[in-house]
There are 2 protein chains.
Amino acid sequence: MTVTLADVAARAQVSPATVSRVLNGNYPVAASTRERVLRAVDELDYVLNGPASALAAATSDLVGILVNDIADPFFGIMASAIQAEIGGPGGRAGGERLAVVCNTGGSPERELTYLTLLQRQRAAAVVLTGGAVENEPHAAAVAAKLRKLGEAGTRVVLCGRPPAPETGAIALTFDNRGGGRELTEHLIGLGHRRLGYIAGPEERTTTRHRLEGHRAALAAAGIEEDPRWTVHGRYDRRAGYEATLELLRRDPSLTAVVAANDSVALGACAALRESGLRIPEDVSVAGFDDLPFSIDAVPALTTVRLPLAEAGARAGRIAMGREEPPPGGIATVRGELMVRGSSGGPRG
Amino acid sequence: MTVTLADVAARAQVSPATVSRVLNGNYPVAASTRERVLRAVDELDYVLNGPASALAAATSDLVGILVNDIADPFFGIMASAIQAEIGGPGGRAGGERLAVVCNTGGSPERELTYLTLLQRQRAAAVVLTGGAVENEPHAAAVAAKLRKLGEAGTRVVLCGRPPAPETGAIALTFDNRGGGRELTEHLIGLGHRRLGYIAGPEERTTTRHRLEGHRAALAAAGIEEDPRWTVHGRYDRRAGYEATLELLRRDPSLTAVVAANDSVALGACAALRESGLRIPEDVSVAGFDDLPFSIDAVPALTTVRLPLAEAGARAGRIAMGREEPPPGGIATVRGELMVRGSSGGPRG
DNA sequence: AGCGTTACAGCAAGCGCTTTCTATCCAATG
DNA sequence: CATTGGATAGAAAGCGCTTGCTGTAACGCT
């Protein structure tokens, strides 16, 4: 029914071995023979059987990309950049590799499941994007998995995630702490003394680091933080909306709201507006990531730009072995403060 | 080096066949034996070899999802919904399936390449999302590929894309024409007579259908369209920004701008604002899709909501054989007009 | 007690490809 | 002219798993 290598071989009057070599192009084959084989492939409309080839060669051309939420442009942009680097040449048959984007939904279990699935497929490489869950048993399980993958020859790269010691994984870490600090320093510099903070979900490295940066800035300025000023929630606009109303209820005198990311900040803006507060005259707002839509907010969002596409591209190249890993296997990617209309001096 | 089925079998004192059956759970195995095998699997930390299994069973647990742009939430949302339905139970070993999200970047060649790659991997199903390229040779090539995939047992589902006759593919088509018409009718009802239209890239079904709907509404209202009122561009904010400046240059008297989608509309808003025009007092703006950020635009965007997540979920279930395909293999998914602040009566 | 069943378990034959080792041919060399 | 070696091509042994078919015990029935 389906065309196999043997069929092509028969048609081209050569042995299966020769056809395989023509297709993989890693062994000398006379030009005339090659041409005959290629013609047969074409005539029969032959398509290599991936699993069989992977089994025989003990490697596959799958590359896994783990993301927390594929519907979030933060991950979409990174995934896109990673994938663009993966498709390129440098591999076997045609050099095409299949990027597998896996959506963990932020769930530790699914993350582990996907890692196992990828291990099962003998993936050529795996890139994990975004923050990790800070839960000891889970973190250990993931680390163990990464180590196994590495031992099996799968290249593991972390993009926008803290290093995973002893796993052999290359890490391109975002400087969330530094960015968070810079952002809050900017607000403090503007004169703000009462700042609300809408943090992401607890138990996530990204959440913690950004919050730590914020607090470091407060501490450095001698501002004592009121516990009521911090609210946790998911990384989406809805959470930002609700958290802002909560913050306003707890302390109506806040003059600035710092959000865990841009989507959250957008929700915060909506809540403030509905509460009759002007941005930035009454309350300043700041986000994080600088996603494409942030500049279209009204007023445009002050935020910290993360070079998502650049970092993703680099991670992709490293995963494909087309770029040297950073010394020590760890590199820190810094963000850049983008001051725009949503932040200004406090009222009064 | 790596643990194989045989190792597990030896450890559990059974034959490899038995281990395989325990793992696949599709053949009676005595409880005591099963337990022994499972323990051995656990102790040896055995992970099934996907390729080998796929080869022997002649099926794989990969499901392909083709998207035009993974960084665009339009696709991210659909992909996320599809994937959520795919992960579920109902399959082999653990019922886990690996969703492969492939980013075609809107390129016909890459689309074909990915389809071949998926065919090579003997994917269990393939879901193609978003509009198709309207280019005869390419369309024919894709159709042929889809037919082949179908013949090889791969279930093919189109989500948000026109039907592909004679390919056996199930189609969940968005009613772009109807949505576009309704949107423009709304604007006309408001009193607009001079409407600019920022269309997507040419040669795409989505672009054409939305534009056709727009024109049908104009025609029905007896409005003669000025060719200067239509500009083509990519489906992103930047294109919307530039196209709007161009429209304004061509005809400063426009009172409304209809964009191909929400991102484009956001860019249009930015351009209008920078040109000193108020929305909607001076110019009304409308988008399409109703992506999450649209409601946060200021003013909130009037648009057509497409049930992306629902359609994706349904496509995913159909792809997994967990839901009956629609009669005739074709279903039309309608959009819903969302009237918000960005549209109002024309000035004067 | 004898026999048909039922419920498991194992054998062994592939699945379609890669790759090592070996064979062949022919040009170049002494 | 015999010999050596480079360039190709083929034979065949797997890669690790699934599954049809073949036992074989234990069970229930008459």
Side-chain angles (χ1 to χ4, degrees), chain A residues 1-38 40-41 44-62 91-94 119-122 124 152-153, chain B residues 1-38 40-41 44-61 91-94 117 119-122 124 152-153:
Chain A
M1 167 67 235
T2 55
V3 184
T4 72
L5 236 212
D7 298 331
V8 176
R11 172 132 195 160
Q13 317 242 57
V14 297
S15 73
T18 301
V19 177
S20 171
R21 300 202 258 244
V22 168
L23 261 22
N24 289 294
N26 49 13
Y27 190 88
V29 173
S32 63
T33 311
R34 176 200 317 287
E35 201 196 318
R36 201 145 32 90
V37 169
L38 255 17
V41 165
L44 295 177
D45 216 357
Y46 171 68
V47 175
L48 191 69
N49 181 315
S53 151
L55 172 57
T59 67
S60 94
D61 41 16
L62 248 50
R92 317 176 320 142
Q119 180 183 9
R120 172 177 305 178
Q121 299 297 334
R122 306 298 188 255
Chain B
M1 167 67 233
T2 55
V3 183
T4 73
L5 237 211
D7 299 331
V8 176
R11 172 127 193 164
Q13 318 242 56
V14 296
S15 72
T18 301
V19 177
S20 171
R21 303 207 254 244
V22 167
L23 260 23
N24 288 296
N26 50 12
Y27 191 89
V29 173
S32 62
T33 311
R34 175 198 320 286
E35 200 195 321
R36 203 145 30 92
V37 170
L38 256 18
V41 165
L44 296 178
D45 217 354
Y46 170 68
V47 174
L48 190 67
N49 180 316
S53 154
L55 171 58
T59 66
S60 93
D61 41 17
R92 317 175 324 143
L117 240 26
Q119 179 183 10
R120 172 179 302 179
Q121 298 297 332
R122 306 299 189 255

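Numbers restart at 1 for each chain; the letters A, B, ... are given by sequence-line order, proteins then strands.
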Say you draw a straight line from [atom1] of [X] to [atom2] of [Y]; how long is it, rounded to the nearest 0.5 Å?
| X | Y | atom1 | atom2 | answer |
| --- | --- | --- | --- | --- |
| B:Ser15 | B:Arg21 | OG | CZ | 6.5 Å |
| A:Asn26 | A:Ser20 | CG | OG | 7.5 Å |
| A:Asn49 | A:Leu5 | CG | CG | 9.5 Å |

Rounded to whole Å, how long is the line connecting atom [atom1] of [X] with atom [atom2] of [N]?
| X | N | atom1 | atom2 | value |
| --- | --- | --- | --- | --- |
| A:Leu55 | D:dG16 | CG | P | 7 Å |
| B:Gln121 | C:dC15 | CD | P | 20 Å |
| A:Tyr27 | D:dG10 | OH | P | 11 Å |
| B:Arg21 | D:dC17 | CZ | C1' | 12 Å |
| B:Leu48 | D:dT18 | CG | C1' | 10 Å |

Measure distances between side-chain N and O atoms of [X] and base N and O atoms of [N], and say whether any donor-acceptor pair falls under 3.5 Å.
| X | N | value |
| --- | --- | --- |
| A:Arg120 | D:dG16 | no |
| B:Arg122 | C:dG16 | no |
| A:Arg36 | D:dT8 | no |

If you check every side-chain atom of [X], which of [options] has the closest atom?
| X | options | value |
| --- | --- | --- |
| B:Ala17 | D:dA12, D:dT19, C:dG16 | D:dT19 |
| A:Ser53 | C:dT18, C:dC11, D:dG16 | C:dT18 |
| B:Asn49 | D:dG16, C:dA9, C:dG16 | D:dG16 |
| A:Ala56 | D:dA9, C:dC8, D:dC15 | D:dC15 |

In a table with atom names and distances, give each donor-acceptor pair under 3.5 Å that connects a side chain of residues 30-37 of chain B to protein atoms at least two apart or in another chain.
unit_1, atom_1, unit_2, atom_2, d
B:Arg34, NH2, B:Val29, O, 3.1
B:Arg36, NH1, B:Ala12, O, 2.6

side-chain contact (heavy atoms from CB on, under 4.5 Å) partner of B:Val8, the single match among B:Leu48, B:Val19, B:Leu23, B:Leu38 |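 With B:Val8 as partner, B:Leu48, B:Val19, B:Leu23, B:Leu38 yield a single side-chain contact (heavy atoms from CB on, under 4.5 Å), made by B:Val19.
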In residues 3-16 of chain B, which ones come under 4.0 Å of DNA chain D, going by heavy atoms?
->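 Those residues are B:Thr4, B:Leu5.
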If we only count heavy atoms from C-beta on, is the B:Gln13 to B:Thr18 side-chain gap below 4.5 Å?
->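 In short, these two side chains do not touch, never coming nearer than 4.5 Å.
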Ignoring backbone atoms, establish whether B:Ser20 has a side-chain N or O less than 4.0 Å from OP1 or OP2 of D:dT18.
->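 Yes, such a contact exists.
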Using only side-chain N and O atoms of A:Asn24, determine if any of them is under 4.0 Å from OP1 or OP2 of C:dT18.
->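 Result: yes.
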Does the side chain to side chain contact (heavy atoms under 4.5 Å, CB included) test come out yes or no for A:Gln121 and B:Asp61, once each step is laid out?
-> CA-CA 10 Å; A:Gln121 299 297 334; B:Asp61 41 17; 3.4 Å; yes
Contact nearer the 5' end of DNA chain D, comparing B:Asn26 with A:Thr18 =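 This one resolves to A:Thr18.
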